[in-house]
Amino acid sequence: MTKISMKTPLVEIDGDEMTRIIWKMIKEDLICPYVDLNTEYYDLGLPKRDETSDQITKDAANAIKKYHVGVKCATITPNAQRVEEYKLHDMYKSPNGTIRAILDGTVFRAPITLDCLAPSVRTWKKPITIARHAYGDIYKCTEYRVPENGKAKLSFENAKGEEVFSQEVFDFKCPGVLMATYNKDDSIESFARACFQYAVDTKQSLWFSTKDTIAKKYDGQFKEIFANVYEKEYKAKFEELGIEYFYTLIDDAVARVIRSEGGFIWACKNYDGDVMSDMVATAFGSLAMMTSVLVSPDGNYEYEAAHGTVTRHYYKHLKGEKTSTNCMATLFAWTGALRKRGELDGNNELMAFADKLEKASLDTISSGFMTKDLAALCDLPNITTLNTEEFILKIKETLDKAM
Ligand code: NAP
Ligand code: MG
C-alpha cells in the first residue's frame, strides 16, 4: 500500500504525561503506517518549555499562524507543586492561554457521541458544541469589599481626561461587595465572526444567548454586534446552507437546550460558557470523549482533547502498572487536524483517511471494545475492557479491515 502524502505540514505540538504516551502510540500505530506524515514538530513537554523559557510555546503558536492547522497534546499548566516536581526555573503560564492570546481564537467544544453511550438527557441525539467567549467580563473584573457605609459610583474619563459619565451605583448603608466588568467591541466582534464561520464550516445552526433584558447596554451590545455581523457577512451563506442563526435569552436557551435533540452550536458569554460547557460535557458522559478546537477569525485551527494530561494514570504507568486511558479525544484532535489540512490543500485522500480512522475507532467501541471509563457508561450487553495500548491496537485492527 502506498502511503497518503501531505504537501503542506501541519503543526504538531507534543505535551506531557499520559497524553504524551498516547500521542506517540496514535502516531506510530494509527497514522504513520498509512500517511506519510508531514509535521513541523514543537515539543511543549514541560522540560522543553523550561529549557527555552517558554519561547517554544510562542513559536508553536506562530507556526499555526503560518500553516493554519495545528494539533496539540495536553500539557501541564505548572503550579507550585509542578515547579518543585520538575525543578522549573519559573511558574510558566498556561500554554493554552499563551496560544489563545497569540491566535485570538474562540474555543469550540463538542462531545464524540455514540448510540451505545446514551447522554443523561434522553432527547439529545446529536452533539451540542459550546463556543465560549474567552475574554473579559468577570474574568477581568475589578472587585472591592465594601467595609463601611458610603457611595459607589461608576465613572468614565475619556482620553482627554474629561469625565464624560458618572453615575451612582449604590448608596451603601452597611458593608457589602462591589464589582466592575468590561468588554471590548473588537473582541465581541471576532468572537461573533469565529462562531458564524464555524457554523458555516460544520454546517450547523448557531444559537447565541445573553441576558439583554436586564443588562440592556452591556449584553445588548453583544446581541447587536452578533446581529450586525450576521446581517452583513453571513446571512446569505446561512440561507444557502439551510442553517439558522437564533438569538434568545440565556434562561430560555437553557430550557430549549435540554428539550432539544442537539446538533447545533451554542455561543455563550464567558461565564455562561465556563459553566455550561461543564454541564454539557458531564451530561454527554466522559471527559475523555470531549474534543476541542481553537478557531481564529483569520482562519487558523488548533485541535486538541478537552481533558488534561491524566496525571493519575501516568503515575500508575510510571510504576509499571497498566492503565486504561481513553485515547478518543486525542485521536479526534489528530483526525480533525488531518481533515482540515486535507480540506485546505484539496487533499481528498487525507480527508477520507481521517473519516476512516474516526469510523474505525467508533466501530471498535460499538462492537464492545473500549477503555474502562466508557465501559462504565456503555449500554452494550458484551463489553471487553481494554488497557490503553490494547484499545489502540484494536482500533488498528478495525482500521486495517476497512482499508
Ligand atoms: P485530567 O487530566 O483531565 O484528568 C482528570 C481525571 O479525568 C482523570 O484522573 C481521569 O479520571 C479522567 N480522565 C481524563 N481524561 C481521561 C482519559 N483520556 N481517559 C480516561 N480517563 C480520563 O485533569 P487533571 O488531573 O485535573 O489535570 C492533570 C494535568 O493536566 C494538570 O497538570 C493540568 O494542568 C493539565 N491540564 C491540561 C489541559 C490542556 O492541556 N488542555 C486541560 C486540563 C488540565 P480517573 O482518575 O477517575 O480515571
Ligand atoms: Mg468550567
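Just so you know, ligand 1 is whichever comes first in the structure, and atom 1 is the first atom listed for that ligand. Bear in mind the structure is a predicted one, so any value in this text is a computation, not a measurement.
Within ligand 1, counting atoms from 1 as listed, the ones closer than 4.0 Å to a heavy atom of Leu287 are 3 (O). The ligand atoms of ligand 1 that sit less than 4.0 angstrom from a heavy atom of Lys72 are 40 (O). The atoms of ligand 1 that sit less than 4.0 Å from any heavy atom of Asn326 are 17 (C), 18 (N), 19 (N), 20 (C). Less than 4.0 angstrom separates some heavy atom of Ala74 from each of these atoms of ligand 1: 40 (O). For ligand 1, the atoms closer than 4.0 angstrom to any heavy atom of Glu304 are 41 (N).
Distance from atom 15 (N) of ligand 1 to its nearest protein heavy atom, with residue and atom name: His307 CG, 3.4 Å. For atom 17 (C) of ligand 1, the nearest non-hydrogen atom of the protein is Ala288 CB, 3.4 Å. For atom 28 (C) of ligand 1, the nearest protein heavy atom (residue, atom name, distance) is Thr311 OG1, 3.1 Å.
At a threshold of 4.0 Å, the pair Glu240-Lys237 does not count as salt-bridged, since none of the basic side-chain nitrogens sits closer than that to a carboxylate oxygen. A salt bridge between Asp16 and Arg49 is present, with a side-chain N of the basic residue lying under 4.0 Å from a carboxylate O of the acidic one. Between Glu51 and Lys48 there is a salt bridge, since a side-chain N of the basic residue sits under 4.0 Å from a carboxylate O of the acidic one. The pair Asp298-Lys65 fails the salt-bridge criterion, with no side-chain N (NZ, NE, NH1 or NH2) lying under 4.0 Å from an Asp/Glu carboxylate O. A salt bridge does not link Asp54 to Lys58: none of the charged side-chain nitrogens sits closer than 4.0 Å to a carboxylate oxygen. The pair Lys24-Glu28 meets the salt-bridge criterion, since a charged nitrogen lies less than 4.0 angstrom from a carboxylate oxygen.
For the pair Arg132 and Tyr139, the distance from NZ or CZ to the six-membered ring centre is under 6.0 Å and the angle to the ring normal is within 45 degrees. Both tests hold for Lys269 against Phe222: distance to the six-membered ring centre under 6.0 Å, angle to the ring axis within 45°.
Residue nearest to atom 33 (C) of ligand 1, selected from Asn79, Thr77, Asp16, Asn96: Thr77 (by heavy-atom distance). For atom 10 (C) of ligand 1, the candidate residues are Arg312, Arg82, Glu17, His313; the nearest heavy-atom contact is made by His313. Scanning Thr371, Leu44, Thr75, Thr325 for the heavy atom closest to atom 37 (C) of ligand 1 points to Thr75.
Residue contacts with ligand 1: Gly308 is placed with a nitrogen or oxygen under 3.5 Å of a nitrogen or oxygen of the ligand (distance criterion only). Between Thr309 and ligand 1, at least one N/O pair is under 3.5 Å apart. When only interatomic distances are considered, the shortest N/O to N/O separation between Val310 and ligand 1 falls below 3.5 Å.
Paired with Cys327 under the rule side chain to side chain contact (heavy atoms under 4.5 Å, CB included), one option of Thr388, Ile395, Asp29 passes, and it is Ile395. The only option from Arg339, Lys3, Glu358, Met403 that meets the side chain to side chain contact (heavy atoms under 4.5 Å, CB included) definition with Phe353 turns out to be Met403.
Neither the backbone nor the side chain of Lys372 has any atom closer than 4.0 Å to an atom of ligand 1 (non-hydrogen atoms only).
Within a 4.0 Å radius of atom 24 (P) of ligand 1, the protein contributes no heavy atom. Shown here, atom 42 (C) of ligand 1 is in close reach of the protein: a heavy atom of it lies under 4.0 Å off. Remark: atom 19 (N) of ligand 1 lies closer than 4.0 Å to at least one protein heavy atom. The protein does not reach atom 6 (C) of ligand 1 closely, with no heavy atom under 4.0 angstrom from it.
In summary, the aromatic rings of Tyr234 and Tyr245 are positioned with their centroids too far apart to meet the 6.0 Å limit. Checked against the 6.0 Å centroid threshold, Phe196 and Phe226 count as a close aromatic pair.
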